Undergrad: 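This is the structure I have questions about; it appears just below.
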Amino acid sequence: MENEATISKNFIEQIIEKDIAEGHCKVVKTRFPPEPNGYLHIGHAKSILLNYGLAQTYGGQFNLRFDDTNPTKEKEEFVDSIKADVEWLGAVYDDRLYYASDYFPQMYEAAVKLIKKGLAFVCDLSAEQMREYRGTLTEVGKNSPYRDRTVEENLELFENMKNGVYKDGEKVLRAKINMQSPNINMRDPIIYRVARQHHHRQGDAWCIYPMYDFAHPIEDAIENITHSICTLEFEDHRPLYDWVVKELEYTNPPKQIEFAKLYLTNVVTGKRYIKKLVEDNVVDGWDDPRLVSLAALRRRGFTPESIKMFVELVGVAKANSSVDYAMLEYCIREDLKLKKPRVMAVLDPIKLIIDNYPEGQTEMLEVHNNMENPELGNREIPFSRELYIEREDFMEEPPKKYFRLFPGNEVRLMNAYFVTCKEYIKDDSGKVIEIHCTYDPETKSGSGFNARKVKGTIHWVSAAHALEAEARLYENIVDEEKGVYNEDGSLNVNPNSLTVIEKCFIEPSVAGAKKYDSFQFVRNGYFCVDVKDSTPEKLVFNRIVSLKSSFKLK
RNA sequence: UGGGCUAUAGCCAAAUGGUAAGGCACUGGACUCUGACUCCAGCAUUUACAGGUUCGAGCCCUGUUAGCCCAGCCA
């Protein structure tokens with residue numbers, strides 16, 4: 001973070017600086033214009049933070065605007081969640097919360113203006129006929145037979161459209177541009193349709209709705225947006241965007257700039273797919289931690305800071321690309337590293353008994369919450385004769401360079417004493433169930449003892465005091481580039497990417513943990529108290545991310 | 001096969017005619033009350049390919065290849 005100066009400007013910043021230098025604009029106004037038809041995901045975070053960041057650095061403003069021009073897909077639930085997510089990310093829009101649907105009167109007037117200029121006409125072609133007339137990628141289209149209606153006739157017909165004289169789909173209003181254009185978007189695109197649908201915000205006030213290509217530039221112009229930033233698939237729409245802005249004679253023409261969407265390797269991004277996984281009950285909802293929706297990432301324990309760091313690291317460009325998921329993990333580790341307490345938790349326990357430690361005795365050890373950040377203070381943890389340690393921290397027959405516990409070896413119990421393994425007990429099946437050690441009282445942590453050193457340090461919890469909790473090890477739902485769904489609709493991803501550890505042991509200091517509290521479970525990774533499933537009696541932890549793997553056999 | 005866009009390391013990404021930044025990942029070493037963290041070192045004689053212009057090209061020109069987007073009354 002301290003090397004911010006070395007981060008070079010992205011291409012959008014360069015365009016903006018040129019625009020400012022050439023006097024096209026003084027300040028920068030941007031917007032995030034989601035359609036409220038789903039929850040936001042990590043890809044949207046890129047757009048939000050990009051738009052918000054630009055407004056910040058160039059002394060402008062950032063608007064949140066719901067592009068709610070198609071009532072069939074939109075719901076109030078989604079506008080609420082989107083607002084929450086945008087705020088969570090820290091993109092502040094103050095009172096600049098807008099709805100495209102509030103501009104319907106202006107859009108209607110704009111359409112009338114185009115008609116009066118002879119640049120729009122009412123067309124009676126059916127959807128199917130329209131498709132035929134439009135031509136194909138390689139063949140030009142042909143003019144609609146209704147293209148030459150008079151201004152007066154168009155005005156009257158359009159007003160009738162608004163007044164509900166026609167059935168849904170019976171007539172549309174089209175821009176009169178060029179049916180021969182190699183760009184299909186310019187072949188007399190539809191700008192208004194008749195659709196009797198209940199709008200989540202406008203109710204039944206309208207039975208005609210504007211199309212995106214017509215509505216969006218108007219929305220931007222009304223809000224004095226200077227730079228309308230969208231994704232690559234709208235590049236072909238830019239000539240139409242510019243056409244609308246020009247013909248409507250806005251004096252403050254906004255400029256559309258496109259950038260590449262964010263994809264993550266092997267995870268399901270895309271609102272469409274996430275939505276289907278939710279609707280098909282493959283996952284438990286929009287905030288299922290196996291997803292990369294913002295709600296899911298939040299529930300899993302990702303912080304807004306980590307998401308911000310991530311999108312900054314990823315950068316902004318025009319090349320389609322897929323970012324390594326490890327980059328996201330790096331960002332959350334980096335963010336939590338110094339911010340969160342490191343507690344001891346044993347996920348796969350095996351009992352360790354210290355034979356020479358007095359039975360029934362408990363001593364409280366004062367330990368640092370985070371060795372690297374003293375500001376997080378200290379806490380006390382109980383130590384006693386019977387402990388749990390991680391099963392992988394003991395081996396009967398250790399390979400070379402294994403320096404944790406094995407018969408005869410001495411290791412440090414983190415924050416406590418050195419112990420030496422004397423013997424171990426197996427059950428009938430040969431599974432090790434108990435390890436016996438002796439401890440050396442002189443080696444207590446913080447005592448300054450340095451007469452001898454050990455190579456290994458392992459974590460533990462006191463068996464009698466440990467808190468039982470549930471841990472969930474989520475993996476992302478993997479998309480192996482074959483698509484999330486097969487053509488027949490069957491699922492093509494692995495949804496079984498959830499491991500639940502019903503009973504793990506955590507040191508008692510986490511007893512009062514609240515929702516969203518997160519900890520580093522020493523060597524087991526970062527975990528967050530699940531906001532949905534935790535109760536004071538039973539803590540449920542979602543794993544945010546693992547630490548890098550430890551000992552590897554060569 | 002029409003139009004638009006893109007191509008720099010395993011993954012992102014900078015370099016705007018002056019001799020290939022940075023990050024992630026990975027590898028080696030040092031350190032360590034965890035093998036994590038931190039630190040140090042290594043990691044593109046070359047920018048999809050082939051030509052050309054130039055004293056000099058990832059950048060300019062020509063051609064080729066590959067990928068993405070567009071034929072909703074969705075956004």
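Note that the coordinates shown come from a computational prediction; the quantities given were computed from them, not determined experimentally. Reminder, nothing fancy here: chain letters follow the sequence lines and each chain counts from 1.
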Undergrad: According to a strict under-4.0 Å criterion, is A:R193 in side-chain N/O contact with OP1 or OP2 of B:C74?
TA: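 For A:R193, the contact criterion (side-chain N or O under 4.0 Å from OP1 or OP2 of B:C74) is met.
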
Undergrad: Using a heavy-atom cut-off of under 4.0 Å over every strand shown, decide if A:S126 touches base, sugar-phosphate, or nothing.
TA: base

Undergrad: Return the value, rounded to whole Å, for the distance between atom OH of A:Y263 and atom P of B:C11.
TA: 17 Å

Undergrad: Measure from the side chain of A:N320, starting at C-beta and using heavy atoms only, and say which of B:C5, B:G4, B:C68 lies closest.
TA: B:C68

Undergrad: Return the value, rounded to whole Å, for the distance between atom OH of A:Y439 and atom C1' of B:C33.
TA: 18 Å

Undergrad: Search all heavy atoms of A:R333 against all heavy atoms of A:A326 and return the closest pair with its distance.
TA: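 In terms of heavy atoms, the two residues are closest at NH2-O, 4.5 Å.
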
Undergrad: Expressed as a whole number of angstroms, how long is the span from A:Q520:CD to B:C37:P?
TA: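 Taking atom P of B:C37 as the reference, CD of A:Q520 is at 9 Å.
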
Undergrad: What nucleic acid atoms does A:I190 come within less than 4.0 Å of, heavy atoms only: base, sugar-phosphate, or nothing?
TA: base

Undergrad: Any base atoms under 4.0 Å from A:G141, or only sugar-phosphate, or nothing? Heavy atoms, all strands.
TA: nothing

Undergrad: Would B:G72 be called syn or anti here, given the cut-off of 90° from 0?
TA: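 B:G72: syn glycosidic orientation.
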
Undergrad: Are A:F121 and A:F158 an aromatic pair, judged by ring center distance below 6.0 Å?
TA: no

Undergrad: Does B:A36 have OP1 or OP2 sitting under 4.0 Å from an N or O in the side chain of A:R342?
TA: no

Undergrad: May I ask you to check if A:K340 and A:Y526 form a cation-pi contact, with NZ or CZ under 6.0 angstrom from the six-membered ring centre and within 45° of the axis?
TA: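 Judged by the rule (NZ or CZ under 6.0 Å from the ring centre, within 45° of its axis), A:K340 is not positioned above A:Y526.
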
Undergrad: Take A:F234 and A:Y241 through the ring pair (Phe, Tyr, Trp, His ring centres under 6.0 Å) test and state the conclusion after the steps.
TA: CA-CA 10 Å; A:F234 293 104; A:Y241 184 99; 9.9 Å; no

Undergrad: Under 4.0 Å: is that the gap between some side-chain N or O of A:K548 and OP1 or OP2 of B:C37?
TA: yes

